[in-house]
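Okay, so here's the structure we're looking at.
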Amino acid sequence: MTDSDRRIEAGDPGVLGARFDGEGTRFALYSAHAEAVELCLYDESGTNPIGRVFLPEQTHGVWHGYIPGLQAGTCYGYRVHGPYAPHAGHRFNPAKLLLDPYARALAGEFRRDPSHFGYELGHPDLDLAPDRRDNAEHMPKAVVTAEGEAMPVRRRPTPWPQTVIYECHVKGFTKLHPDVPEPLRGTFAGLARPEIVDYLKALGVTTVELMPVHAFVSEFDVMNKGLVNYWGYNSLNFFCPHPGYLGAGGAEEFRDMVNRFHDAGLEVILDVVYNHTCEGDHLGPTLSYKGIDNLSYYQLLPGDRRFYINDSGCGNTVNIAHPQVLRLIMDSLRYWAIEMGVDGFRFDLASILGRQERGFDPRAPFFQTLAQDPALAGVKLIAEPWDIGPGGYQLGGFPAGWAEWNDRYRDNIRRFWRGDPDQLPELARRLHGSGDLFEHAGRRSWASINYVACHDGFTLRDLVSFEQRHNEANQEQNKDGHGSNYGDNHGVEGPADDPAIDARRWRRQRNLLATLAVSHGVPMIAAGDEFGRSQSGNNNAWCHDSRLNWIDWEEISPQGRELQAFTRELLSLRQRFPALQAGEYRHRPDGKGDDGIQWLNAEGTPMRDEHWHENERRLFGYLISDGASRHLLALFNASETGSAFRLPRLPEGDWNLEIDTAEEPVGERTPFPAGGSIDLPAQSIKVLVLGSSCHE
């Protein structure tokens with residue numbers, strides 16, 4: 001069929017994207033400032049052009065058309081006509097084939113090529129002169145999909161107080177896994193394998209948080225160095241699963257993975273990046289939004305719209321204040337929640353999504369729109385509560401119903417165990433679920449996502465092996481990544497042959513994980529930290545698709561296997577002792593019952609005010625009672641000397657030892673009498689239960 005005999009009708013502006021309705025395909029694209037929109041059609045391979053037509057209608061900024069007989073599987077892209085006037089915010093360039101923001105599937109690969117830039121490279125006016133090279137050969141094409149072809153997947157939500165999050169990377173988790181067939185390694189299908197699901201279930205986590213799975217590409221300057229954007233925080237499209245994680249089954253493989261997780265009682269949360277896109281700043285490529293309607297999709301400097309507001313630190317900032325851009329993000333969230341079945345979202349640099357003209361506002365339209373959307377009711381919402389924009393640090397400032405990554409928890413726990421002075425008052429607040437940050441706003445303790453390590457920064461093993469970052473392989477003169485890690489190398493930077501140093505490092509990891517397990521709030525563990533995975537001291541390994549990031553399942557040491565077993569025991573304890581899963585903030589018992597928290601000194605009596613002001617105090621007890629005559633006592637000794645601790649007298653009987661970080665695993669659980677003393681070695685935690693054993 002040629003352009004001349006291809007019939008196109010008015011279509012419908014109501015549903016954006018390209019959908020086959022059984023008889024033909026309707027197309028709709030938002031571009032308020034375009035002069036014309038040209039639809040370019042390709043065969044199912046995405047390589048052979050089969051026609052070009054202009055969308056015939058424009059309604060309230062939506063260009064739309066309908067082609068009878070055009071089938072699902074047809075590939076397409078857009079060329080959008082309009083002024084190339086960067087100072088006015090316009091970067092239209094019909095020489096560039098553009099990806100539909102609402103595409104649900106992609107055909108072909110993105111290939112690095114100078115033709116992707118909308119301006120003449122090397123021109124003395126930089127980006128002010130348009131480039132007329134055609135980039136179609138190097139662009140992936142959108143694929144027409146059929147309406148109603150995707151059945152919703154099953155969702156079995158885990159209550160927030162019972163949630164334990166496991167953060168992992170789709171590729172890195174299975175790339176070297178010996179039990180995953182090689183063709184499936186690094187894919188959604190590989191992650192769905194029974195061996196993987198069984199491992200996660202046995203570990204004791206409830207929720208898997210996947211690092212970005214939206215289609216993404218690497219930055220040009222990164223590729224020029226021979227590196228890649230491995231983490232995926234560089235979105236090309238908000239609907240398509242990343243092609244590198246798909247096999248022959250396409251998006252259905254993602255749905256199948258979610259179903260396999262749900263069948264096992266596991267949730268799936270996506271790390272989503274709606275704050276910026278892969279098109280960078282004014283010198284970045286033109287791949288989609290920039291060429292469709294730059295002035296609408298991005299926040300531009302009011303004084304000169306040639307330049308972008310860069311609150312993300314990645315070159316541009318999505319203009320969520322625009323109604324159509326807000327709609328785009330909401331449509332994306334609904335798609336992943338309803339059609340793909342995910343259980344929640346972790347929003348990268350989420351402060352951007354709530355920033356108004358006068359700063360961050362928890363009542364911003366994005367939050368209000370989310371709150372009233374019935375399709376998203378019940379999904380978990382997690383904020384990374386900071387960005388680099390003005391007033392960007394907003395920990396504790398998000399609306400009710402949201403949880404937040406708590407970096408104050410991370411830093412305090414690290415500093416306490418490192419031996420920094422005056423950390424105990426802060427530690428008590430963090431163990432208490434950071435009520436100082438969240439409770440005043442009527443939020444619950446699960447609003448605090450507690451973690452010691454995540455994808456961004458040192459692994460848990462590196463945290464106890466390095467004091468300085470070692471990011472030379474990133475080719476940024478070791479200037480990238482966090483500068484303040486609060487790491488402790490125990491006397492030797494990096495790998496150590498001294499068995500005593502190695503033993504201290506493994507104990508420190510147990511201490512950090514045990515602290516995480518007994519803290520109120522929601523614990524999060526980064527994949528591999530349960531057995532001591534290392535990145536050789538690189539605390540910003542975002543640009544390496546290599547063994548530096550891939551988990552090597554066949555190289556886990558005997559000590560790593562012991563740490564795995566210890567982690568399982570910790571998470572089992574958390575599950576078996578309900579007071580550790582409290583949804584409400586617990587305070588000191590009020591005399592009406594025994595439900596609450598007490599802080600004890602070495603004599604087993606409540607700490608006095610003067611104890612909290614002893615800046616070298618590193619020995620204390622943390623007593624939690626659940627109101628059902630069950631009591632859990634966590635004894636902390638972060639000092640360099642052992643000490644005796646008198647167990648408090650409570651009416652239920654003897655104390656049973658559950659966790660001992662100085663002895664892995666715990667041996668025979670000999671009861672300890674109330675009122676008696678227990679030895680607490682240096683740099684260790686003991687967790688005991690009084691009353692009914694957690695194992696009963």
Side-chain angles (χ1 to χ4, degrees), residues 29-37 61 78-96 98-99 101 114-133 135 217 219-222 233-236 273-326 328-329 349 351-361 364-366 386-392:
L29 178 76
Y30 179 80
S31 181
H33 300 95
E35 295 172 353
V37 173
Y78 288 112
R79 299 181 188 274
V80 182
H81 299 254
Y84 187 87
H87 288 300
H90 300 308
R91 293 181 177 270
F92 296 104
N93 188 337
K96 310 305 171 185
L98 305 172
L99 183 66
S115 62
H116 289 305
F117 292 91
Y119 60 92
E120 286 188 31
L121 293 174
H123 192 279
D125 291 329
L126 293 177
D127 60 319
L128 299 182
D131 178 87
R132 299 307 182 190
R133 287 174 294 183
N135 70 330
V217 299
E219 297 86 342
F220 275 69
D221 61 335
V222 174
Y233 294 91
N234 206 42
S235 301
L236 173 66
V273 187
Y274 295 119
N275 57 80
H276 75 282
T277 78
C278 65
E279 293 185 298
D281 61 11
H282 64 292
L283 298 180
T286 297
L287 307 175
S288 183
Y289 318 91
K290 185 179 288 187
I292 293 171
D293 192 351
N294 187 64
L295 189 58
S296 293
Y297 284 101
Y298 294 114
Q299 295 183 36
L300 307 177
L301 286 178
D304 187 349
R305 290 176 173 173
R306 173 189 178 188
F307 300 106
Y308 295 76
I309 292 174
N310 186 21
D311 291 342
S312 67
C314 299
N316 63 60
T317 305
V318 168
N319 185 19
I320 198 169
H322 192 289
Q324 285 290 345
V325 179
L326 176 59
L328 169 69
I329 294 174
L349 302 181
S351 298
I352 285 175
L353 304 176
R355 182 172 285 110
Q356 303 290 285
E357 289 185 5
R358 296 186 178 181
F360 180 85
D361 186 350
F366 173 68
W386 51 77
D387 62 34
I388 68 167

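The model shown is predicted, which means the values in this text are computed figures rather than measured ones. All heavy atoms count here, side chains included; hydrogens, waters and symmetry mates do not.
- Although no hydrogens or angles enter the test, the distance criterion places no donor-acceptor pair under 3.5 Å between the side chain of Arg133 and the main chain of Ala95.
- With hydrogens and angles disregarded, no donor-acceptor distance shorter than 3.5 Å links the side chain of His90 to the backbone of Phe92.
- Distance check, rounded to the nearest 0.5 Å: SG of Cys278 to CZ of Phe220 gives 9.0 Å.
- There is a side-chain donor-acceptor pair under 3.5 Å between Asn294 and Tyr308.
- For the pair Asn310 (side chain) and Gly315 (backbone), a donor-acceptor distance under 3.5 Å is present.
- We find the CD1-CG distance between Ile320 and Leu353 to be 4.5 Å, quoted to the nearest 0.5 Å.
- Among pairs with a residue in residues 302-314, those fulfilling salt bridge (charged side-chain N to carboxylate O under 4.0 Å, His left out) read Asp127-Arg306, Asp311-Arg355, at least two apart in sequence or across chains.
- Looking at Glu120, His282, His87, His123 one by one, the single match for side chain to side chain contact (heavy atoms under 4.5 Å, CB included) with Leu128 turns out to be His87.
- Among all heavy-atom pairs drawn from Leu295 and Asn319, the shortest one is O-ND2, 4.3 Å.
- Note that OG of Ser351 is 4.5 Å distant from CG of Asp387, once rounded to the nearest 0.5 Å.
- Evaluation of the side chain to side chain donor-acceptor pair (under 3.5 Å) rule for Asp293 yields His33, Ser296 as partners, not counting sequence neighbours.
- The distance from atom OH of Tyr84 to atom OH of Tyr119, rounded to the nearest 0.5 Å, is 8.0 Å.
- Heavy atoms only, all atoms of each residue included: Val80 and Ser31 are closest at CG1-OG, 4.1 Å.
- When every heavy atom of Phe117 is checked against every heavy atom of Leu283, the shortest pair comes out as CE2-O, 3.3 Å.
- Checked against Tyr298 for a side-chain hydrogen bond (donor to acceptor under 3.5 Å, both in side chains), the options Arg91, Glu279, Lys290, His276 give a single hit: Glu279.
- Shown here for Leu236 and Tyr289, the closest heavy-atom pair between the two residues is O-OH, 3.4 Å.
- In this structure, Tyr297 and Pro101 have side chains that are in contact, with non-hydrogen atoms separated by less than 4.5 Å.
- Under the 3.5 Å distance criterion, the side-chain polar atoms of Asn316 are matched with a main-chain donor or acceptor of Gly280.
- The side chain to side chain contact (heavy atoms under 4.5 Å, CB included) test applied to Ser235 returns His214, Phe238, Val273, not counting sequence neighbours.
- Counting heavy atoms from C-beta outward, Phe366 and Leu326 have side chains that approach closer than 4.5 Å.
- Scanning for side chain to side chain contact (heavy atoms under 4.5 Å, CB included) contacts around Leu301 gives Phe307, Ile309, with sequence neighbours left out.
- Atoms OG1 and CG, from Thr286 and Asp131 in turn, are 9.0 Å apart once rounded to the nearest 0.5 Å.
- For Arg132, the side chain to side chain contact (heavy atoms under 4.5 Å, CB included) partners two or more places apart in sequence, or in a different chain, are Asn93, Pro94, Pro130.
- Ser288 contributes a side-chain N or O that, together with a main-chain N or O of Leu99, makes up a donor-acceptor pair within less than 3.5 Å.
- Taking Glu219 as the reference, Asp221, Val222, Asn229, Asn234, Trp542 meet the side chain to side chain contact (heavy atoms under 4.5 Å, CB included) condition, with sequence neighbours excluded.
- In this structure, Asp361 contributes its side chain and Gln356 its backbone to no donor-acceptor pair below 3.5 Å.
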